[in-house]
2 protein chains.
Amino acid sequence: MDIRTVAHAAGVSVATVSRVINKVPSVDPALAKKVWESIQKLGYVPNTQARALVSGRSKLLGVIISDITNPFFPELIQGFEDKAVEVGYETLIGSTNYDLQRMEQCVQRMLERKVEGVAVMTFGIEEPLLDRLASQGIPMVFIDLAPKKKGISTIRVDYQKGIHEAVQHLAVLGHRRLAFISGPDRLHSAVARLQAFRSAVDEIGLRVPESYIFHGDHTVEGGERGVDHLLALSKPPTAIMCSNDMTAIGAMHALSRAGLSIPKDISLIGFDDIRISEYMLPPLTTIRMSGRDIAASAVTALLDTSTPPRDVETKLVVRQTTSVPAGTLADLRKKSGKARSR
Amino acid sequence: MDIRTVAHAAGVSVATVSRVINKVPSVDPALAKKVWESIQKLGYVPNTQARALVSGRSKLLGVIISDITNPFFPELIQGFEDKAVEVGYETLIGSTNYDLQRMEQCVQRMLERKVEGVAVMTFGIEEPLLDRLASQGIPMVFIDLAPKKKGISTIRVDYQKGIHEAVQHLAVLGHRRLAFISGPDRLHSAVARLQAFRSAVDEIGLRVPESYIFHGDHTVEGGERGVDHLLALSKPPTAIMCSNDMTAIGAMHALSRAGLSIPKDISLIGFDDIRISEYMLPPLTTIRMSGRDIAASAVTALLDTSTPPRDVETKLVVRQTTSVPAGTLADLRKKSGKARSR
DNA sequence: ATGAAAGCGCTAACAA
DNA sequence: TTGTTAGCGCTTTCAT
């Protein structure tokens, strides 16, 4: 069952069938109709491999992510896939699991399948792997960090804005002891978030002791460990910002395990605004960065290497994990003589 | 840069290069070494499309899921992919978004890419689509529901066990008014869960009024609506079981919005045990069904059509969203004269 | 053990 | 507008 079968059934040449399938305008509508009918009747499905082989176009786009289990990535993938399908492409997903060897496998697979572009949405990539991609002239797109090579574009995320808003928000509430649970250092976007935090804090004249910066790993476990560390300090922070929502969720868990209530005893802010955050109890205040936007930008960038992708913004979404610091409340209580506020 | 280039560089024929790549044992080790060196030096990558075209084997397995945004599915995909890579296959993911048209597109894509098997991990599939797959002799695997055709296998999930345990657990705590927020009716696995609930409840001689059965849709929103409905009843339930964890999470949210505390005022049990459930506040009591197990089973079933896949079990994981019903507590309080228990 | 050559199913250049 | 035909890069007989 191939294109010849259809050609024969419709009484035309294979070239005509090919033209019909590819919607080449020059074909006689009557003939086209006949061909479509044969296709329908025979249940013919063109063989993508053959098409790709001869045309040199795989119609395949790769995305490399680190951990499909972090809800941020499915959202991103969904956005990527939606956009890709929209422009007639398919998506090859590679999940590295933060493992270098798997990353290598991913790249190899992408190469073998002759993808027409790959979006690297993970902690950097080894130089040699990158070169292999680059040497095949495959367009690439990165988040934040962009090795300066042609064919490589970067989606810049304005971490500053959202993080600045968050720090302001905390400062206005009266917090002076702000901590930060960061992501893995090798992950550029994590480093950028930490930097943004540092500069935002600087700006309002606050000093953050190094012990208030905990190096996590963007997992719930990292968040838990971060809180354990922070709580063990002689003077714990009154507010914690996290490098991503998964970390914040882990933090909530550890905080609650420690018998602390959020936001009464301690304020918490996440980053990403994954869908589940809104449904945490209490709903998580976080900084929104749209995975879908990033993904859509990525697809566009891969297909049109000439126009640089537009930046992605971040912004604070205030929900219910932030309030005035415990001390303030205690003072208020004493002053007003009420046993319980609220 | 193709197989000929390598052949030339190594001073052998293309056939030999092909044999080396495919590890055909008959090749002279010395020659093989030379070929590998050339491959290395040239950075040659075999073209999958060409290989697939000539060999008729795409080394591609498809998974169709309904909603990549529901954390259960990424976990499943991860399991599928891990297993697939292990046996030398790649994964083509199709997300239908509960949309029939997208389901059709998915099937079409799978057909075009000549997948060697597809796992349908979503609410059924339209008969004609199934026939298209079947007519190409593509092995399929389903969860629960198995259209009786050859080449189609089924992974049976023992919903009974876990749900039975859950109902028992609730009954032992003293709950008599059990409600259920189900999933979409067209989704067979959802219907099976509801049935298991009904039979488990029957077994302990409880009667569940129809108003206690809310038809949700496996999303957080569905869970919220379910709770809204249940709370509006003149005699609301004291415990709610949900057809999946996302529903339970939505329910937690709505309950908390209504000012009810979990599990003091109402007990809640989910289904799936997605990773985030453990991190909810309070941690969600739920019924575990391993997506990874299902996925691994699915891959095995697709590659070996003769051996039927083994069943997947479910089991209750007690965390902190269940306790004695509010009434009981109130009685206890009165009797003991304490203002607050705990 | 190795090589020569015939396609796999399709597209695209060229001819008619 | 339609048809003929030469490959795309590879695997796999069939010879050697």
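Keep in mind the model is a prediction, meaning the values are calculated, not measured. Residue numbering restarts at 1 for every chain, and letters A, B, ... go by the order of the sequence lines. Scope of the values below: all heavy atoms of this structure, side chains included, with no hydrogens, waters or symmetry mates.
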>> Quick check: on DNA chain C, is the nucleotide nearest B:Leu31 upstream (toward 5') of the one nearest A:Pro46, or the reverse? Name the residue that is more 5'.
In response: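 In this pair, the answer is B:Leu31.
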> Start at the 5' end of DNA chain C and walk down; is the nucleotide closest to B:Ala50 or to B:Val14 reached first?
Replying inline: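 By nearest-heavy-atom nucleotide position, the 5'-most residue is B:Val14.
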Can you identify which nucleotide, out of [options], has its nearest atom closest to the [X] side chain?
X	options	result
B:Arg19	D:dC14, C:dG9, C:dA12	D:dC14
A:Ala15	C:dC10, C:dA12, C:dC8	C:dA12
B:Val54	D:dT4, D:dC8, C:dG7	C:dG7
A:Ser26	D:dT12, C:dG3, D:dT1	D:dT1
B:Val12	C:dT11, C:dC10, C:dG3	C:dG3

Rounded off to whole Å, could you give me the [atom1]-to-[atom2] distance for the [X] and [N] pair?
X	N	atom1	atom2	result
B:Lys23	C:dA1	NZ	P	18 Å
B:Lys59	C:dC8	NZ	P	22 Å
B:Ile3	D:dT11	CD1	C1'	8 Å
B:Arg4	D:dT11	CZ	P	12 Å
A:Gln136	D:dG9	CD	P	12 Å
B:Asn22	D:dT13	CG	C1'	15 Å
B:Leu53	C:dG7	CG	P	14 Å
B:Arg51	C:dC10	CZ	P	21 Å

>> So B:Ile21, base contact, sugar-phosphate only, or nothing? Heavy-atom distance under 4.0 Å.
In response: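 Contact class for B:Ile21: none.
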> Below 4.0 angstrom, N of the basic side chain to O of the carboxylate: do B:Asp28 and B:Lys34 qualify?
Replying inline: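 So B:Asp28 does not pair with B:Lys34 through a salt bridge.
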> Between A:Glu127 and A:Lys149, does at least one N-O distance fall below 4.0 Å, as a salt bridge requires?
Replying inline: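 A salt bridge is present here (some side-chain N lies under 4.0 Å from a carboxylate O).
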> On DNA chain D, nearest-nucleotide positions of A:Asp28 versus B:Asp2: which is more 5'?
Replying inline: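 Its nearest nucleotide being more 5', the pick is A:Asp28.
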>> Distance check, rounded to the nearest 0.5 Å: A:Met110 atom CE versus A:Glu112 atom CD?
In response: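 Interatomic distance, A:Met110 CE to A:Glu112 CD, rounded to 0.5 Å: 11.0 Å.
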Check whether any side-chain N or O of [X] sits under 4.0 Å from OP1 or OP2 of [N], and answer yes or no.
X	N	value
B:Asn47	D:dC8	no
B:Ser18	D:dT11	yes
B:Thr16	C:dG3	yes

> Is a side-chain donor-acceptor pair under 3.5 Å present for B:Asp304 with B:Ser306?
Replying inline: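 Present: a donor and an acceptor within the cut-off.
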>> Are there over 12 heavy-atom neighbours, none belonging to A:Lys59, within less than 6.0 Å of that residue's NZ?
In response: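 Correct, the count exceeds 12.
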